[in-house]
There are 4 protein chains.
Amino acid sequence: MEYNTKQIQIIEVAERLFANKGFAGTSVRDIAQEADINVSMISYYFGSKEKLIEALFNVRMVESRSRMENILQNEELTPLQKVNIWIDTVIDRLMGNQCFYNIMMREQLSAERTPIISDHILELKRRNIALMNTLITAGQESGVFKKNIDLGLMTTTLYGTINQAIATQDFYKKINNLEALSDEEFQIYLKRKLSVHLKSIFKLTVSNEHHIQN
Amino acid sequence: MEYNTKQIQIIEVAERLFANKGFAGTSVRDIAQEADINVSMISYYFGSKEKLIEALFNVRMVESRSRMENILQNEELTPLQKVNIWIDTVIDRLMGNQCFYNIMMREQLSAERTPIISDHILELKRRNIALMNTLITAGQESGVFKKNIDLGLMTTTLYGTINQAIATQDFYKKINNLEALSDEEFQIYLKRKLSVHLKSIFKLTVSNEHHIQN
Amino acid sequence: MEYNTKQIQIIEVAERLFANKGFAGTSVRDIAQEADINVSMISYYFGSKEKLIEALFNVRMVESRSRMENILQNEELTPLQKVNIWIDTVIDRLMGNQCFYNIMMREQLSAERTPIISDHILELKRRNIALMNTLITAGQESGVFKKNIDLGLMTTTLYGTINQAIATQDFYKKINNLEALSDEEFQIYLKRKLSVHLKSIFKLTVSNEHHIQN
Amino acid sequence: MEYNTKQIQIIEVAERLFANKGFAGTSVRDIAQEADINVSMISYYFGSKEKLIEALFNVRMVESRSRMENILQNEELTPLQKVNIWIDTVIDRLMGNQCFYNIMMREQLSAERTPIISDHILELKRRNIALMNTLITAGQESGVFKKNIDLGLMTTTLYGTINQAIATQDFYKKINNLEALSDEEFQIYLKRKLSVHLKSIFKLTVSNEHHIQN
DNA sequence: CATGAATGAGAGTTCATTCAT
DNA sequence: GATGAATGAACTCTCATTCAT
């Protein structure tokens, strides 16, 4: 499905507003005003407000596809290095698309799910789990990773920690007296912190390396 | 602030609906219908829809107060035991009030925050961080906990993992072929899994014990 | 029809609010709050909001009765003196019950009249016209008043001027730089001005005296 | 500010209803029904019910502007002739826009004034007083008008008498047995009566002419 | 192809009144 | 006799969408 310039523009405005005010809390008039278009354009271009958020998911989901497949194919990296790169990739992806992942989080919290969106999310998760499974299994076979790793929960911790960090970043800023930092500086700071934190957790939880180190 | 039986009933219905459909996505007529009361009752009892969600936060926040203070005061427990009990307490609390914590999560995701609610959340977090800080510091002083623990991120991982697990429980059920389990059974299963998983992470990340054990 | 203390209290509050915000613009809750009583009291004591304004008219109309009859019976006064006293009486009555006459004015402006109130007003006017008619006729017979006086229009001018003066008193104050005066002082000032003004008009219009004077 | 045909139509319906039932007593549904439009049109075209009445004042106020300025510029007329023409102009204006001046009267009676409307009224009055002032002063300078004329009160009498006559026209009709007359006939009759009556009052009160005549 | 006008449904809230006590 | 709880209707306004052009 291809979208023209105007549609992309609408989608981007909608993405920001849906993230800030929620889907139901955002009116098509809000979107139209921010995007500087006529209200009827949303229905005209997408059919309905519902279809607009579906379009948003289409665009963002397609974008995120086939980005991670490459990590695994690099044969020069150790499994742990791959895990670390993967962690950084997820951090970058989530932090770089906070609006979108905010909407996705909301959508997951919702009981009244739009099938198309649910399908998108489900597929994305399956793919992520599958990729990670390949990665972990390879590590286990070469003996550097523990057996009995609950992949589902590890993924939950990875995504959950990042999502929670994004959702509560204002609080984190306040608690750690980082209010002097600019938005950009703080984003970089938080990414770095999350990276170290999550890699540490994964190393300790997943790998056997620390046995040797200590 | 005290609420009568009818008000409590309305709050409970509202809690469920706000969790399922979001605040903006839930109309006062939806609530009235579910609670089998007249639409005007919401304004009558709470003043407005906005005030209703504030009342909800008042009730739930008051409930959760002074539940955890007791853990720390038990002098027979080791710091790690306290951390483990604390983890289980948080899991029980979040999983036992999924609706409410769903709403709280949504509220955090929102840019347009209700001041009263934001204040509630901020205060709750400060209290949690402060409590955990006491706990961790005690462990560090007795030498069983590592230095340089980022408490903010540890808390983020704890709450983030549980929240993510709750938000994606349907997916988790599907992935792990647990669809045969009843809702109740699955809740118990998930709690157990989360407990083991998070305790493991905390033990590995926070304590020095594994040096000796291994 | 007799009203108890509480009813009188409600009527007085209602009178002020109806004057300030209009009948439709005043809610029974406004009245109840100002009168410091329960909302249901209005219906309880008067039957309905509609009946309340009727009660108000009952009370005020009864009060104003038989006040003017005495003027005519004083045989020591000349017809013109009687007219002048009558003018002052009307000024005092209207200015002293501005709230009530405000409501009466509004009621007259309304197309959707309450029959009982309309009847009250109609009866009051008939009485006033009849009284004045006696007065004027006596003056005409004794030769001091002109023939061909349009009593209806003279009354219209009398009441119209006073009502207009009351309605536009803020403007009059501003125009004549009287804003330094206290409310009470200004009321006295305006009464005096109206008295002189209207007496002058009536003298010139009604009596033959100025022929002699000049 | 320009209004399209539909807006003008709505304004006209609103004018009549506001005059008949008051602003608060008229619902937007009433207006919509009478104007045969959808309820939402009022908000759509004017923003709100409040803005609708402001629009009404905008329209009517603009209309009445620069109508009277011409009277003064005619150099062939004597001051008294000018006053008489001015009286007829005011009668025509008020009687020809009874609905609007009814609303204006109500607005003046209200304590809770809409600033924009109050400003309109204030400005209109200032203009009228200023114009009349020019007229009277010229007459005084040429010796045909008395000194010491209270312009404010004269204006009050002029407008007050006409407004009162309009407000009580049903009563006047009844009192003078004019119920056989059609509405139109009665309007003409009343205009004529008011004209003679007010001109007489003004002549007697304002001019010195009658000194000579008698 | 794109637009602004227009719509009916539904939003949250307030209304005058009634009911049970 | 008096009250506070509760009601259903009505309020103004905004919603997503459709229509005519």
Side-chain angles (χ1 to χ4, degrees), chain A residues 4 6-7 10 14 23-33 36-53, chain B residues 4-7 10 14 23-33 35-53, chain C residues 4 6-7 10 14 23-33 36-53, chain D residues 4-7 10 14 23-33 35-53:
Chain A
N4 63 38
K6 217 144 204 188
Q7 284 176 304
I10 295 169
F23 178 73
T26 305
S27 74
V28 291
R29 265 175 184 74
D30 292 337
I31 300 167
Q33 193 176 326
D36 201 30
I37 51 151
N38 190 278
V39 246
S40 58
M41 290 282 87
I42 278 109
S43 291
Y44 178 68
Y45 274 130
F46 300 95
S48 72
K49 191 186 168 190
E50 196 81 14
K51 295 264 182 66
L52 168 58
I53 197 174
Chain B
N4 62 39
T5 320
K6 268 267 163 70
Q7 284 178 303
I10 295 170
F23 178 74
T26 306
S27 76
V28 293
R29 276 176 177 78
D30 291 339
I31 300 167
Q33 193 175 327
D36 200 31
I37 51 153
N38 191 277
V39 229
S40 59
M41 289 280 86
I42 277 106
S43 291
Y44 177 69
Y45 274 131
F46 299 96
S48 69
K49 190 187 170 189
E50 194 81 14
K51 295 266 183 65
L52 168 58
I53 197 175
Chain C
N4 64 38
K6 217 143 203 189
Q7 285 176 303
I10 294 170
F23 178 73
T26 305
S27 75
V28 291
R29 265 175 184 75
D30 292 338
I31 300 166
Q33 192 176 326
D36 201 31
I37 50 151
N38 190 277
V39 245
S40 58
M41 290 282 86
I42 278 109
S43 290
Y44 178 67
Y45 275 130
F46 300 96
S48 72
K49 190 187 169 189
E50 196 81 13
K51 296 266 183 65
L52 168 58
I53 197 175
Chain D
N4 63 39
T5 319
K6 268 267 163 70
Q7 284 177 304
I10 295 169
F23 178 73
T26 306
S27 76
V28 292
R29 270 179 180 74
D30 292 337
I31 300 167
Q33 192 175 327
D36 200 31
I37 50 153
N38 192 277
V39 230
S40 58
M41 288 281 86
I42 277 105
S43 291
Y44 176 69
Y45 274 131
F46 300 95
S48 70
K49 190 187 169 189
E50 194 82 13
K51 295 264 183 66
L52 169 57
I53 197 174

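Residue numbers start from 1 in every chain, and the chains themselves are labelled A, B, ... in the order their sequence lines are given, proteins ahead of strands.
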Report summary line: Whole-Å distance, I31(D) CD1 to dA10(F) C1', equals 15 Å
Query raised in the report: Measuring from R29(A):CZ to N38(A):CG, what's the distance to the nearest 0.5 Å?
Result: 9.5 Å
Report task. Quick one: list whatever passes side-chain contact (heavy atoms from CB on, under 4.5 Å) with D36(B), sequence neighbours left out. Result -> none
Kindly list each side-chain donor-acceptor pair under 3.5 angstrom involving residues 46-53 of chain D, sequence neighbours excluded, with atom names and distances?
| from | atom 1 | to | atom 2 | distance (Å) |
| --- | --- | --- | --- | --- |
| S48(D) | OG | E50(D) | N | 3.4 |
| S48(D) | OG | K51(D) | N | 3.1 |
| K49(D) | NZ | F23(D) | O | 3.0 |
| K49(D) | NZ | T26(D) | O | 2.7 |
| E50(D) | OE2 | T114(D) | OG1 | 3.1 |

Query raised in the report: Taking atom C1' of dA5(E) as reference, at what distance in whole Å does atom CD1 of I37(D) sit?
Result: 13 Å
Report task. Check side-chain contact (heavy atoms from CB on, under 4.5 Å) between A24(A) and all other residues, then give those that pass, not counting sequence neighbours. Result -> A24(B)
Query raised in the report: Starting at the 5' end of DNA chain E, what dot-bracket string do you get if Watson-Crick and G-U pairs under 3.5 Å are bracketed, crossing pairs use [ ], other-strand pairs use | and unpaired bases use dots?
Result: .||||||||||||||||||||
Query - Nucleotide dA9(E), atom P - distance to CE of M41(D) in whole Å - result: 15 Å
Query raised in the report: Within the side chain of Q33(D), is there an N or O that forms a donor-acceptor pair under 3.5 Å with the backbone of D30(D)?
Result: no
Query raised in the report: What's the spacing between N4(A) CG and Y45(A) OH if we round to 0.5 Å?
Result: 5.0 Å
**Report entry** Approximate separation, where rounding is to 0.5 Å, of I10(C) CD1 and I37(C) CD1
**Finding:** 3.5 Å
**Report entry** Nearest-Å distance for atom pair CZ/P, residues F46(A) and dA16(F)
**Finding:** 15 Å
**Report entry** Between dG12(E) (C1') and L52(B) (CG): distance, integer Å
**Finding:** 12 Å
**Report entry** Summary of protein contacts for nucleotides 13-21 of chain E, nucleotide by nucleotide, where a base hit scores B, a sugar-phosphate-only hit scores S (4.0 Å, heavy atoms)
**Finding:** BBBBBB---
Query raised in the report: To the nearest angstrom, how far is K51(D) atom NZ from dC13(F) atom C1'?
Result: 12 Å
Requested in this report: Using whole Å, report how far NZ of K6(C) lies from P of dG1(F).
Outcome: 14 Å
Report summary line: Here the distance between atom P of dG12(E) and atom CD1 of I53(B), to the nearest Å, is 13 Å
